[in-house]
2 protein chains.
Amino acid sequence: MSKYEKACLIRGDGGRAVRGVLDRIGDKWTLLVVATLHGERMRFTELLRRIPGVSQRMLTLTLRHLERDGLVGRTVYAEVPPRVEYELTATGRTLIGPAVALAEWAIEHNAGIERSREAYDGAGRGEAGPPQG
Amino acid sequence: MSKYEKACLIRGDGGRAVRGVLDRIGDKWTLLVVATLHGERMRFTELLRRIPGVSQRMLTLTLRHLERDGLVGRTVYAEVPPRVEYELTATGRTLIGPAVALAEWAIEHNAGIERSREAYDGAGRGEAGPPQG
DNA sequence: CCGAATCCGCCGGGATACTG
DNA sequence: CAGTATCCCGGCGGATTCGG
């Protein structure tokens, strides 16, 4: 794939495709939920425990969005203590690939980006090389 | 890579890595700017024209963030009509890969997701099976 | 146990006007 | 041409409370 073709893929029709997927997964919890759900069904409280920092409200909202988009399936068991289980759909599982690519990029470049930020903030950033070059 | 390993990559240390990269590229214009800059240096106004809908303010902010993170380089030419050119750094170029993966996923599943949404919104969504199995 | 409802602070981001 | 400064609004997301 040429550089030109790659850029076109991303920019698409004014970037609508990429904007759409980022609107979908760019929020605070979606990718974490998807990753946590990867490979096993799980009930609400279990998700709540496994995802540190998420509130009941946000977990519910995130799951609803994912369900609406057909990425997550929801099963309710009519029991005395209510039980609800969530699982990735086939479509939902396909999201893991791009998500992993993103995660790997993040892990690989995080340190460098951090250093770049410090340099940028530290220097007058109109001149001056990085502080540790 | 096993399912477990993939999930770990994304969830990392409480999902910090993924959260970081989404904070960085999850906003409205960053990926568009990166894609547009892919393969060619470009000046401010050129970017402004090529990215439909972006405002001067947001383009400036986005470029500053990218510069701070070391993903974009900025060159100022001291000429009578001011001229500033932007280009991807080596690190910036590595972002294209994951971005393309995301774009491909978006393009491939957009239609299905759209249908799922309509079905979800249309149905009482308390019953009724999915429209396409 | 699961989730809906309400209240509220914060900030992303658009429009506009001004500068060098 | 290439920004900077200011105003404003919508909604994301946290805390808390109530319902089945």
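Numbers restart at 1 for each chain; the letters A, B, ... are given by sequence-line order, proteins then strands. Note that this is a predicted model, so its numbers are computed, not measured.
- Regarding B/L59, its CG atom lies at a distance of 17 Å from the P atom of C/dG12, rounded to whole Å.
- Panel note: side chain A/R83, backbone A/A78; no donor-acceptor pair is recorded below 3.5 Å.
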| field | side chain to side chain donor-acceptor pair (under 3.5 Å) evaluation trace for A/S116 with B/R68 | value | CA-CA 6 Å; A/S116 177; B/R68 189 171 101 106; over 6 Å; no
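- For the pair A/R43 CZ and C/dG3 P, the computed distance is 10 Å after rounding to whole Å.
- Between the side chains of B/R24 and B/T30, no donor-acceptor pair of N or O atoms lies under 3.5 Å.
- Between B/D27 and A/V76, the residue anchored closer to the 5' end of DNA chain C is A/V76, taking for each the nucleotide with the nearest heavy atom.
- Nucleotide D/dG13 holds its P atom 10 Å from the CG atom of B/D23, rounded to whole Å.
- As rounded to whole Å, 15 Å separates atom C1' of D/dC12 from atom CG of B/L22.
- Looking at which nucleotide of DNA chain C each of A/T60 and A/P81 is closest to, the 5′-most match is held by A/P81.
- In summary, A/E85 and A/R41 engage in a salt bridge, as defined by a charged side-chain N under 4.0 Å from a carboxylate O.
- In this structure, A/Y77 reaches neither bases nor backbone, as no heavy-atom distance under 4.0 Å exists between it and the strands shown.
- Heavy-atom contacts from other residues, nucleotides or ligands closer than 6.0 Å to CZ of B/R117 number more than 12.
- Between B/R74 and D/dG3 there is a side-chain polar atom (N or O) within less than 4.0 angstrom of OP1 or OP2.
- One can place CG of A/L61 at 14 Å from P of D/dG11, the figure rounded to the nearest angstrom.
- When all heavy atoms of B/L22 and A/I25 are compared, the pair lying nearest together is CD1-O, 3.6 Å.
- Rounded to whole angstrom, the span from the CD atom of A/E46 across to the C1' atom of C/dC1 amounts to 13 Å.
- The CZ-C1' distance, from B/R64 to C/dG13, rounds to 17 Å in whole Å.
- Spacing between atom OH of A/Y86 and atom P of C/dC1 amounts to 14 Å, rounded to whole angstrom units.
- Using a cut-off of 4.0 Å between Lys/Arg side-chain N and Asp/Glu carboxylate O, B/E40 and B/R50 are scored as salt-bridged.
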| message | For nucleotides 14-20 of chain C, give me one character per nucleotide, 5' to 3': B if any protein heavy atom sits under 4.0 Å from the base, S if the only such contacts are to the sugar-phosphate, - if neither. | response | BB----B
